[in-house]
Amino acid sequence: MSMGSNREEMGIIAASLRQHVQRGEKAGIRFLSRAESGGDKLEDVAELAPGEGIEGNLFSDYASAYRSKTLEELRAAIGDCHRCKLWSGRTHLVFGVGNPKAKVMFVGEGPGRDEDIQGEPFVGRAGRLLTDIITKGMGLRREDVYIANVIKCRPPDNRNPESDEIESCEPFLVKQIELIRPRVIVALGKFAVQTLLKSKVPIMRLRGSWHVYRGTKLMPTLHPAYLLRNPGDKKLVWEDIKKVLQELRSPSD
Ligand code: SF4
């Protein structure tokens with residue numbers, strides 16, 4: 001490689017790092033100097049703006065999360081996370097719960113009040129309805145499936161998570177899915193569905209048909225909290241769940 005192309009390549013890397021740093025700072029992420037980091041390991045030197053998939057950020061604070069081989073390692077890598085502004089209002093970071101080898105993974109939006117207090121997803125009234133769907137509807141136990149959210153910390157007053165918060169947190173969900181390798185993801189509610197599918201199509205049009213999220217089959221359905229307000233729509237969820245059960249019973253690809 002010539003000196004010229006070397007310089008060019010270094011220039012591209014420097015520009016890309018600069019861009020990461022600027023985006024990180026915009027998201028309120030503090031960058032550490034080499035001295036502050038107290039180490040030579042690249043991932044200790046800078047926390048970069050997330051959102052490009054943790055696999056891409058070799059230098060980032062997500063590197064140890066990406067290297068995790070188990071859910072326990074991933075949880076440890078997330079640590080006392082300050083990667084987005086939601087850390088300041090949480091009681092507990094709500095990582096996820098269930099069978100690490102689950103065939104079905106339910107993904108909701110983010111923790112509410114009960115979940116924030118207990119540190120477990122879907123434990124309030126809506127959570128009890130989800131448990132009914134799993135146990136009475138699917139004939140499974142809650143421990144047979146895995147339950148997580150797109151966002152691991154409760155947004156203030158249960159507002160919708162903001163785009164920088166999703167960018168910061170979604171890499172953890174991506175890694176959870178990669179480690180669990182479920183056969184099917186059931187995405188619960190408008191927010192989770194539209195976020196995962198990067199779609200603005202209304203949930204009522206997305207639900208009930210198969211989609212793909214990063215290589216895994218995804219069935220969008222209605223959120224249990226919505227069903228508490230609109231019990232008449234339970235039959236729609238049952239239709240979606242029947243498709244999930246059918247998929248689980250069919251031979252794997
Ligand atoms: S919401 Fe996610 S990225 Fe933000 S502080 Fe919590 S765990 Fe970290």
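Please read these numbers as outputs of a predicted model, since none were measured by experiment. We count ligands from 1, going down the list as the structure has it; atoms in each ligand are counted the same way.
Of the protein's heavy atoms, C81 SG, 2.2 Å lies nearest to atom 8 (Fe) of ligand 1. Annotation: atom 6 (Fe) of ligand 1 to nearest protein heavy atom, C153 SG, 2.3 Å. Of all protein heavy atoms, the one lying nearest to atom 4 (Fe) of ligand 1 is C84 SG, 2.3 Å. The shortest contact between atom 2 (Fe) of ligand 1 and any protein heavy atom is with C169 SG, 2.3 Å.
At a threshold of 4.0 Å, the pair E178-K175 counts as salt-bridged, since one of the basic side-chain nitrogens sits closer than that to a carboxylate oxygen. Between K85 and E162, at least one side-chain nitrogen of the basic residue sits less than 4.0 Å from a carboxylate oxygen of the acidic one, meeting the salt-bridge criterion.
Note on ring orientation: taking the six-membered ring where Trp is involved, the planes of W87 and H82 are parallel (angle under 30°, cut-offs 30° and 60°).
Applying the 4.0 Å criterion to heavy atoms of S168 picks out, from ligand 1, the atoms 3 (S). Heavy-atom contacts of R90 reach the following atoms of ligand 1: 5 (S), 6 (Fe) (cutoff under 4.0 Å).
The shortest heavy-atom distance from K85 to ligand 1 is not under 4.0 Å.
For K152 and F172, the positive end is not near the middle of the six-membered ring at less than 6.0 Å and at most 45° from its axis. Under the 6.0 Å distance and 45° angle rule, R128 does not count as a cation-pi partner of F122.
When L93, V150, D80 are ranked by how near their heavy atoms come to atom 7 (S) of ligand 1, first place goes to L93.
Between the side chain of E115 and the main chain of G124, a donor-acceptor pair closer than 3.5 Å is present.
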